[in-house]
Participant: 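This is the structure I want to talk about, given as structure tokens.
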Amino acid sequence: MDLADLQQYCATPGCDFMQMLKRIVQPLIVEALSNMGVEQMPIEKMLQASRELDQGDLALPCFPFAKRLGMAPAEIAEQLAQHVADHPAIGEVSGVNGYLNIRANPTWIVEQLMEFGTQGSHPSPNRSVLIEHTSANPNGPFHVGRARNAILGDTLVRLHRLFGNNVTAEYYVDDMGKQVAVLAWALEHLSAEDVEAQLVGRESVNPTWKGKADHERVRWYQAAQALRQEDTAAEEIEKKIGLMVHASENGDEAVLASFQAAYQPVLEGMLSTLGRLGINFDRFTKESIFVTNGDVERLMERLGTLEINGTADNGAQFLDLGARGLKGKTEFFYRRGDGSSLYATRDIAYHMWKWTQGGDLINVLGEDHKLQAKQVGMTLEELGEKRPEVVFYSFIKLPEGKMSTRRGNVVFMDDLLEEAKEQAAVVVRELRPHYDEEKISAIAEAVGTSAVRFNIIKVSPEKGFTFRWEDALTFEAGSAPFIMYSHTRACSIRKRVQNEVGPIEDILNGDIGTKEHFSDGLITLLRVLAVHQDRVEKAVNDHRPHLFAEHMLHLANAYNAFYRDCHILTDGQVDGFYLWVSELARGIMKDGMEGLGLVAIEEM
RNA sequence: GGGCGUGUAGCACAGCUGGAUAAUGCACCGGCCUCCUAAGCCGGAGAUCGCGGGUUCGAAUCCUGCCACGCCCGCCA
């Protein structure tokens, strides 16, 4: 394969060095099989990455050839191994248990990494993507139950950026409807005394968050929710709130302004919490915009002209999605009997606007939105629009059950982060007694927030998740600090080399190492580095960040093995080749950590 | 009742476009700091892959029936 071929190949999806190896090996195997009398087998599909590293890099099961050749698979594999031609990329070929195992030549991997880095000559995809995530109702502090959306969404944003896509991270602000109306009503009608009287017996505001608007105002929200349950006041309140909701849905600007005055400080409090986790947004879009600018009304009129439109007795309108294959309840209501729109209707208008922004759409939603998302998607298609890609996740629960801001059984993210930092500080103080408090605090903050993110992102989104303090605050192998620690080792080496020997650039000499260099630890690390770009791509294209989290664990683990076997600095002498490997790994670990939102500190 | 999802060692979790001894972490047992940060490394033990059928040379993975758990099935958001 010459460079032109390589570039051609790498322009196609799925490029990484193991795939390049596959590309090299495949024709050699086809030829060898041909010599043995086997033609036209789907070798490309059969040739797979080895499961165990000690088996090699690629494996070909030989069982399907057995019938045709009238030989035992084991024998076929052994003979086939003899027939595969030599190639600089191939280190070793062997037949074991009916499998043809191919091991890459480590020197070849090094050459490829030196020439192309871990990206290969893969061009940047530079796709535009609009990722909408979190979009939590601004009615109280951000709690752990909502954390999965924010962490999953932000990690997708980061990984897309790492991959080279052009991302807009968007928060859809639910600035109308009942939840904000309740908050606005409470702030207008209840005094601080009323609120506290209503909430006796519940935990009071954590003194740490006194003055933080989300923690202060949620009391009003909770008091109002409690009042709505009471027989005496409920009816009157319900009526008032109902009027406010109705006004907001009709685009009443004064009411919408009062809503905004109520929720904006709460939203800002939530965003400062998210900011502490490294989660930021490029744009906020308010739901009410699509009502006030007439998009929603125009949309409803258009929906009314559709073939599958239906009208209820009271004038409410719906689409019969059963005619398009939806099972179960097939009527999808988009207009109430009083003529106003529904949340889903506005969501469709919002999506139509999003499609005009020129990029692919990805939404992160809780599993409770599955049906709604399907209805919205089908309606968009009915209108000739595309449906967005949606990443669903299962809710985070407490061991006691589901979290609810209304009932007050929540773990606030602010409290979790504070606790995580404190626990991390305890560990730092113990392990590094000579660090001063300022340094300890900085490290503890980085470790605490990273650990919280990683704890959530490492499990696949569809899996139910029960929040447990002891899991969230684990700082051992399999956690963020494990990855962070490997990175600090690489940083520490870099620093020592710079201090004791000289500038790194002067020491890197382009050596590809001698035979003695290639210990197990080095080879393990090279192989993980070689598949790095593929792991990024898979996580991005399949929307499965947990796979990348696992890869980063492997990378950190591999770096530790390298660190054990390969000493870079010995008695003031630097091994230039090892230093190059360490520096490559350090850069990849740093990028990867940023992709997961882990803070890449240099000392811990 | 219908739709979707989950069920893998004591706990947590990966693998699910079918392939070798089911990966990883915690907990458990044993070893490693005169040597670049031991938040680490090495070794050991621990699994009828929810249960039953089927397809296949080969099933945790595909099909089917059943069981358990979660979410949804509002002219709420």
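A, B, ... follow the sequence lines: proteins, then strands. Residue 1 opens every chain.
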Participant: So does A:R346 get a side-chain nitrogen or oxygen closer than 4.0 Å to the phosphate oxygens (OP1/OP2) of B:C76?
Facilitator: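 No, A:R346 has no side-chain N/O under 4.0 Å of OP1/OP2 on B:C76.
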Participant: Can you tell which of B:C72, B:C36, B:C76 lies closest to the side chain of A:L342?
Facilitator: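 Of all the options, the side chain of A:L342 is nearest to B:C76.
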Participant: A:P64 has a side chain; which of B:C57, B:A39, B:A20 sits nearest to it?
Facilitator: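 Nearest to the side chain of A:P64 among the choices is B:C57.
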Participant: Is the backbone N or O of A:S460 less than 3.5 Å from a side-chain atom of A:R544, with the two atoms forming a donor-acceptor pair by type?
Facilitator: no
Participant: Check whether any side-chain nitrogen or oxygen of A:R494 sits under 4.0 Å from OP1 or OP2 of B:C36, and answer yes or no.
Facilitator: no
Participant: Just wondering, more than 12 heavy atoms not from A:D338 lying within 6.0 Å of its CG?
Facilitator: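 Counting neighbours around CG of A:D338, more than 12 heavy atoms of other residues, nucleotides or ligands fall under 6.0 Å, so yes.
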Participant: More than 12 non-hydrogen atoms from neighbouring residues, nucleotides or ligands closer than 6.0 Å to CD on A:E430, yes or no?
Facilitator: no
Participant: Taking only N and O in the side chain of A:R564, is any of them less than 4.0 Å away from OP1 or OP2 of B:C32?
Facilitator: no
Participant: Please determine whether a side-chain nitrogen or oxygen atom of A:H551 lies at a distance below 4.0 Å from atom OP1 or OP2 of B:A14.
Facilitator: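 No, outside the criterion.
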Participant: Could you work out the separation of B:U24 and B:A47 based on their C1' atoms and round it to a whole Å?
Facilitator: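 Per the computed distance, 14 Å lies between those C1' atoms.
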Participant: Hey, does the side chain of A:N557 come within less than 4.0 Å of B:C41's phosphate (OP1/OP2), counting only N and O?
Facilitator: yes
Participant: Check whether any side-chain N or O of A:N455 sits under 3.5 Å from a backbone N or O of A:S479 as a donor-acceptor pair, and report yes or no.
Facilitator: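 No; zero donor-acceptor contacts below 3.5 Å.
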Participant: Crowded around A:E301 CD? As in, over 12 foreign heavy atoms under 6.0 Å?
Facilitator: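 Above 12, so yes.
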Participant: For A:E44, does the CD atom have more than 12 heavy-atom neighbours from other residues, nucleotides or ligands under 6.0 Å away?
Facilitator: no
Participant: Heavy atoms under 4.0 Å, any strand shown: does A:M484 hit a base, just sugar-phosphate, or nothing?
Facilitator: nothing
Participant: Calculate the interatomic distance between A:Y563 atom OH and B:C35 atom P; express it in whole Å.
Facilitator: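 For the pair A:Y563 OH and B:C35 P, the rounded distance is 11 Å.
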Participant: What nucleotide, of B:A77, B:U8, B:G40, holds the atom closest to the side chain of A:K463?
Facilitator: B:U8
Participant: Syn if the chi torsion is within 90° of 0, anti otherwise; quick check, which is B:C33?
Facilitator: syn
Participant: Under 3.5 Å, which protein N or O atoms sit close to an N or O of nucleotides 58-60 of chain B? Give each pair with its distance.
Facilitator:
none

Participant: Among B:A39, B:C75, B:A20, which nucleotide has an atom closest to any side-chain atom of A:L431?
Facilitator: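 The nucleotide sitting nearest to the side chain is B:A39.
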Participant: How close or far is atom C1' of B:C71 from atom NE2 of A:H369, stated in whole angstroms?
Facilitator: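 Going from A:H369 (NE2) to B:C71 (C1'), I get 12 Å.
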Participant: On the nucleotide B:C41, are OP1 or OP2 found under 4.0 Å from the side-chain N or O atoms that A:N560 carries?
Facilitator: yes
Participant: What integer distance in Å separates A:K329:NZ from B:G1:P?
Facilitator: 21 Å
Participant: Starting the side chain at C-beta, find the nucleotide from B:A14, B:C26, B:G70 nearest to A:L547.
Facilitator: B:A14
Participant: Side chain of A:R544 only, please: which of B:G15, B:A77, B:C36 is the nearest?
Facilitator: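 Nearest to the side chain of A:R544 among the choices is B:G15.
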Participant: Please determine, for the side chain of A:V447, which listed nucleotide (B:C36, B:U8, B:A39) has the closest atom?
Facilitator: B:A39
Participant: Kindly say if A:S460 contacts the phosphate of B:A14, meaning a side-chain N or O under 4.0 Å from OP1 or OP2.
Facilitator: yes
Participant: Mind checking if A:V245 touches a base, just sugar-phosphate, or nothing, with heavy atoms under 4.0 Å?
Facilitator: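 Nothing: the residue A:V245, judged by heavy atoms under 4.0 Å, touches no strand.
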Participant: Nearest to the side chain of A:R336 - B:A77, B:C35, B:G40?
Facilitator: B:A77
Participant: Is any N or O donor-acceptor pair between the side chain of A:N101 and the base of B:A20 shorter than 3.5 Å?
Facilitator: yes
Participant: Look at the side chain of A:N314 and decide which nucleotide, out of B:C75, B:A77, B:C36, has an atom nearest to it.
Facilitator: B:C75
Participant: Rounding to a whole Å, what distance do you find between A:F333:CZ and B:A77:P?
Facilitator: 14 Å
Participant: Specify the residue among A:F395 and A:F465 whose closest nucleotide of RNA chain B lies further upstream toward the 5′ end.
Facilitator: A:F465
Participant: Considering every strand and a 4.0 Å limit on heavy-atom distances, what is the contact class for A:C566: base, sugar-phosphate, or nothing?
Facilitator: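 If one applies the 4.0 Å heavy-atom cut-off, A:C566 turns out to touch a base.
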Participant: Using ring centroids (six-membered ring only for Trp), state whether A:Y578 and A:H567 fall under 6.0 Å.
Facilitator: no
Participant: Looking at A:D338 and B:C75, is any side-chain donor or acceptor paired with a base atom of the opposite kind under 3.5 Å?
Facilitator: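 For A:D338, whose side chain was compared with the base of B:C75, there is no donor-acceptor pair (under 3.5 Å).
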Participant: Contact class for A:A59 (heavy atom, under 4.0 Å): base, sugar-phosphate, or nothing?
Facilitator: base
Participant: Within 45° of the six-membered ring axis of A:F548 and under 6.0 Å from that ring's centre, is NZ or CZ of A:K538 located there?
Facilitator: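 Geometry flag: not set, cation outside 6.0 Å or 45°.
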Participant: With a 3.5 Å cut-off and no angle check, do the side chains of A:Y563 and A:S582 form a donor-acceptor pair?
Facilitator: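 No donor-acceptor contact under 3.5 Å links the two side chains.
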Participant: Please pick, from B:C72, B:C4, B:A77, the nucleotide with the shortest atom-to-atom distance to any side-chain atom of A:D368.
Facilitator: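 That would be B:C72.
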Participant: Would you say a side-chain N or O of A:K458 is under 4.0 Å from OP1 or OP2 of B:U24?
Facilitator: no
Participant: Name the residue closer to the 5' end of RNA chain B, choosing between A:A561 and A:F63 according to the nucleotide with the nearest heavy atom.
Facilitator: A:F63
